[in-house]
Trainee: 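Structure provided below as structure tokens; questions to follow.
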There are 4 protein chains.
Amino acid sequence: MATEVDVQPDTHEEIMGATYRALCKHGYAHLTMQDIADEFDKSRSLLHYHYDTKEELLLAFVDNIVGYIGDRLAESETEEPLERLEEYVDRFVIEPGEEDRETFALALLELRVQAVHNEAFRERLATHYETNVQTVADIVADGIEAGVFREVDPDATGEAIYTALVGARMYQVTLGAERASRRMRDRLAEFVVDDLLTDGREPADYAGNGPEN
Amino acid sequence: MATEVDVQPDTHEEIMGATYRALCKHGYAHLTMQDIADEFDKSRSLLHYHYDTKEELLLAFVDNIVGYIGDRLAESETEEPLERLEEYVDRFVIEPGEEDRETFALALLELRVQAVHNEAFRERLATHYETNVQTVADIVADGIEAGVFREVDPDATGEAIYTALVGARMYQVTLGAERASRRMRDRLAEFVVDDLLTDGREPADYAGNGPEN
Amino acid sequence: MATEVDVQPDTHEEIMGATYRALCKHGYAHLTMQDIADEFDKSRSLLHYHYDTKEELLLAFVDNIVGYIGDRLAESETEEPLERLEEYVDRFVIEPGEEDRETFALALLELRVQAVHNEAFRERLATHYETNVQTVADIVADGIEAGVFREVDPDATGEAIYTALVGARMYQVTLGAERASRRMRDRLAEFVVDDLLTDGREPADYAGNGPEN
Amino acid sequence: MATEVDVQPDTHEEIMGATYRALCKHGYAHLTMQDIADEFDKSRSLLHYHYDTKEELLLAFVDNIVGYIGDRLAESETEEPLERLEEYVDRFVIEPGEEDRETFALALLELRVQAVHNEAFRERLATHYETNVQTVADIVADGIEAGVFREVDPDATGEAIYTALVGARMYQVTLGAERASRRMRDRLAEFVVDDLLTDGREPADYAGNGPEN
DNA sequence: CATGAATGAGTTTTCATTCAT
DNA sequence: TATGAATGAAAACTCATTCAT
């Protein structure tokens with residue numbers, strides 16, 4: 001009966017947090033309502049009071065996590081295309097010791113794989129993917145318009161940058177390929193960013209920290 | 001009692017095939033022994049006769065799938081670094097309609113995500129990852145040595161090429177991003193291969209079909 | 001704490017109405033407090049405020065429904081035994097389209113079956129049964145005394161008439177035996193009423209509508 | 001997966017027996033799979049091995065009980081219409097102390113009430129009802145043809161006899177109306193059988209015992 | 001009075017695994 | 001090998017009831 005919108009913000013957030021922790025701890029395949037309840041300070045029944053089924057709860061969780069990232073995507077400290085591109089790419093880097101960010105990336109990855117078998121998940125995550133691609137594409141398009149970047153296909157380039165980053169990060173979080181995300185950042189700088197620059201302008205030195213895409 | 005080595009080759013292969021089909025159909029998270037038995041022409045009990053536990057069966061399956069790909073990785077029709085690189089990259093492209101290859105890529109992806117929570121999976125898939133990275137790195141190194149490619153870090157470049165391809169393919173198979181793998185191939189040609197070439201030598205026109213990495 | 005006598009008449013009636021609708025819609029076996037609350041314009045908690053337990057609420061409902069019928073049983077427009085008997089029998093007939101009356105008969109039937117497993121229900125419904133049997137028995141006794149009916153056992157005859165009617169009605173409401181109650185009315189006229197009449201007096205033509213026994 | 005036909009006769013019968021005992025003990029409304037398992041010498045899981053759902057098990061039970069009665073309906077020791085009618089009616093009588101037969105009648109009654117809310121039950125029980133009505137109607141028709149009974153509507157008369165008996169028996173088993181079924185037998189003899197007989201032939205003295213309808 | 005939140009016991013169902021044959 | 005039967009633990013989900021407000 002109760003749907004996510006009826007849930008009190010606090011309780012809703014608490015459940016989302018518990019779900020997040022349980023998902024990271026047990027993995028999607030072995031995640032049970034009990035696991036979530038164990039991370040929650042209320043009873044298991046209450047989860048069913050707020051969400052009729054496990055599926056519904058997890059769907060709310062996908063909405064939550066996708067929304068969380070989306071909110072941070074737009075944030076930027078500069079208008080400069082090159083800087084914005086570097087900032088975007090940099091946010092994907094997960095350094096050793098940043099376990100929370102690695103965990104977050106993993107949760108998202110687990111959901112993405114489930115999306116294959118879950119239409120509702122797929123719909124939401126496809127939007128998330130498109131938003132990311134578009135974000136990079138917009139930066140590239142802006143750069144071209146500003147004469148900073150050479151003329152490339154902004155959409156195709158944006159997609160390549162985004163999926164390459166996700167691919168590297170996947171190896172880092174699933175197989176423990178240490179610093180793979182940072183190495184991809186460097187490779188993008190070497191092969192893509194450098195190539196995009198029409199003149200000899202030097203890429204800035206940077207170190208960022210932002211949303212986990 | 002019985003361990004995988006005791007399994008008759010034929011039965012073993014049949015079970016591996018059934019596991020593959022069941023995994024693709026139901027997804028790792030919802031995969032049951034019954035699902036596997038349903039794709040097998042024998043009973044569920046027989047699965048337990050051959051493999052003591054579900055975990056053991058799935059582990060044998062990871063070995064099987066990783067071995068299958070490994071066997072094909074070495075195959076190549078040429079010695080030429082540029083051609084070998086193009087051939088490698090090209091093997092990742094999954095065109096619309098190649099459902100079997102998409103399905104295979106998905107199965108591998110599901111296992112990769114499980115690897116986070118399963119040490120034995122992780123070990124085997126990490127080797128698979130390293131083999132792939134090394135394969136590309138070797139091609140790049142050969143190219144540098146042959147003077148065809150400019151001097152780059154072969155390992156870092158190999159890893160970037162491989163993970164970028166996997167990242168693009170992931171979006172194609174999970175979220176239905178049509179032709180994402182082909183677009184990544186083209187972006188790699190545009191940004192990486194082109195950049196690697198020291199002279200104005202033209203990349204060959206190619207269309208390959210190979211192992212699913 | 002709160003017992004049925006504390007309940008405000010209006011609220012009590014509203015709850016009884018909601019219980020009735022919920023019972024008819026879901027059946028006793030699947031009836032939940034939530035089902036009743038759904039037919040009520042107030043919350044589920046309020047039901048527990050008025051009735052400590054579900055059992056108590058349903059017991060009040062049995063009282064309510066039995067009392068409702070009892071109130072109507074005495075009503076009659078005539079003193080004439082034959083007419084009163086015909087009127088009584090006629091009130092059991094449920095014609096096609098009289099869904100409300102069919103529904104009511106079903107609710108009563110559901111409660112009667114539960115009575116086997118519930119002493120309190122049984123007590124109340126047994127009284128209801130006895131009242132009905134007595135009502136017919138009185139009519140028959142009056143008829144005998146008035147010389148309109150031949151000498152039969154009033155109690156046994158009253159019980160037979162009543163239970164036969166209920167039996168026929170049961171098939172109509174449970175298995176959809178259309179017009180079974182009317183056919184029973186006609187059979188009672190043919191075999192019983194006609195037989196009771198000492199002389200050749202014709203049974204009146206009638207069509208009634210009254211309480212659901 | 002498994003359907004009733006696959007179940008080994010013995011196990012099937014054991015489960016049906018356990019279901020019967022549990023149903024009588026707890027009533028349909030409160031019947032749980034655990035209750036059935038408690039009457040079964042095997043585990044609760046086994047019930048689900050044989051019947052996917054509780055609903056399916058109960059449906060098999062309806063089939064079983066209806067089939068059981070049906071098998072006995074045809075049995076008769078005579079060809080004589082009057083005797084067959086008396087025998088049929090007599091089989092409905094449940095004497096004090098015949099608790100098994102009372103229990104059986106109750107089980108059937110419980111299922112009949114559930115039929116309202118369960119299409120599959122309704123279908124099977126409607127057939128059972130029609131078979132019974134037809135059985136009596138055939139006896140009456142035979143009697144008319146043989147000149148033993150006067151000309152009445154065999155179907156309507158058959159239905160009235162059957163539903164009257166069931167109605168009386170319902171009061172006996174639900175409200176403890178002792179000997180109500182026997183009294184109905186006597187009333188049917190007095191009002192119906194006697195009336196049917198064209199000449200002064202005396203109804204035989206009888207006392208039967210047969211299937212519970 | 002009235003409600004939404006919360007709970008715990010219980011209910012159906014699932015599923016890996018074992019066992020007798 | 002091969003299977004159907006059987007089991008126990010755990011899973012999702014239900015629901016009457018209680019409680020704070």
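All chains are named by letter (A, B, ...) in the order of the sequence lines, taking the proteins before the strands, and each is independently numbered beginning at 1.
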Trainee: Do B:R124 and B:L59 have side chains that get closer than 4.5 Å, going by heavy atoms?
Mentor: yes
Trainee: Whether D:S45 contacts F:dT7 is assessed here as follows: a side-chain N or O lying under 4.0 Å from the phosphate OP1 or OP2. Is that the case?
Mentor: no
Trainee: How many Å lie between CG on D:L31 and P on E:dG10, as a whole number?
Mentor: 17 Å
Trainee: Can you tell me the distance, in whole Å, between the NE2 atom of C:H50 and the P atom of F:dA16?
Mentor: 18 Å
Trainee: Between D:R122 (side chain) and D:V116 (backbone), is there a donor-acceptor pair under 3.5 Å?
Mentor: yes
Trainee: Can you tell me how the ring of D:H30 sits relative to the ring of C:Y28, calling it parallel under 30°, perpendicular over 60° and tilted otherwise?
Mentor: perpendicular
Trainee: Return the nearest nucleotide to the side chain of C:K54; candidates are E:dT13, F:dA16, F:dT7.
Mentor: F:dA16
Trainee: Across the strands shown, which category fits C:L47 at heavy-atom distances under 4.0 angstrom: base, sugar-phosphate, nothing?
Mentor: nothing
Trainee: In whole Å, I'd like the distance from the NE2 atom of D:H30 to the C1' atom of E:dA9.
Mentor: 15 Å
Trainee: Decide yes or no for B:V66 and B:L125: does some side-chain heavy atom of the first lie under 4.5 Å from some side-chain heavy atom of the second?
Mentor: yes
Trainee: Can you check the D:D38 CG to E:dG10 C1' distance for me, whole Å?
Mentor: 13 Å
Trainee: B:T32 side chain: which of E:dC15, E:dT13, F:dA16 is closest?
Mentor: E:dC15
Trainee: Could you please name the option among E:dA6, E:dT17, F:dA16 that lies closest to any side-chain atom of B:R44?
Mentor: E:dT17
Trainee: Want to know the stems of DNA chain F: at least 3 consecutive Watson-Crick or G-U pairs with distances under 3.5 Å, which are they?
Mentor: E:2-21 with F:2-21
Trainee: Of the nucleotides E:dT13, E:dA2, F:dA6, which one has an atom closest to the side chain of D:L46?
Mentor: F:dA6
Trainee: Roughly how far, to the nearest 0.5 Å, is CG of A:L46 from CG of A:D41?
Mentor: 9.5 Å
Trainee: B:Y49 side chain: which of F:dT3, E:dT18, F:dT1 is closest?
Mentor: F:dT1
Trainee: Please tell me whether C:Y20 and C:Y68 form a close aromatic pair, meaning their ring centres lie under 6.0 Å apart.
Mentor: no
Trainee: Checking all strands, does D:I36 fall into the base, sugar-phosphate, or nothing category for heavy-atom contacts under 4.0 angstrom?
Mentor: nothing
Trainee: Which of parallel (below 30°), tilted (30 to 60°) and perpendicular (above 60°) describes A:Y51 and A:H12?
Mentor: tilted
Trainee: Rounding to a whole Å, what distance do you find between C:D35:CG and F:dA16:C1'?
Mentor: 12 Å
Trainee: Would you find more than 12 non-hydrogen atoms of other residues, nucleotides or ligands less than 6.0 Å from A:Q34 atom CD?
Mentor: yes
Trainee: Between F:dT7, E:dA2, E:dT13, which nucleotide gets closest to the side-chain atoms of D:S43?
Mentor: F:dT7
Trainee: Rounded off to whole Å, could you give me the NZ-to-P distance for the A:K42 and F:dC19 pair?
Mentor: 16 Å
Trainee: Could you tell me the separation between the NE2 atom of A:H48 and the C1' atom of E:dA9, rounded to a whole number of Å?
Mentor: 15 Å
Trainee: How close or far is atom C1' of F:dT18 from atom CE of C:M33, stated in whole angstroms?
Mentor: 12 Å
Trainee: Both A:D41 and C:F40 contact DNA chain E. Which one's nearest nucleotide lies toward the 5' end?
Mentor: C:F40
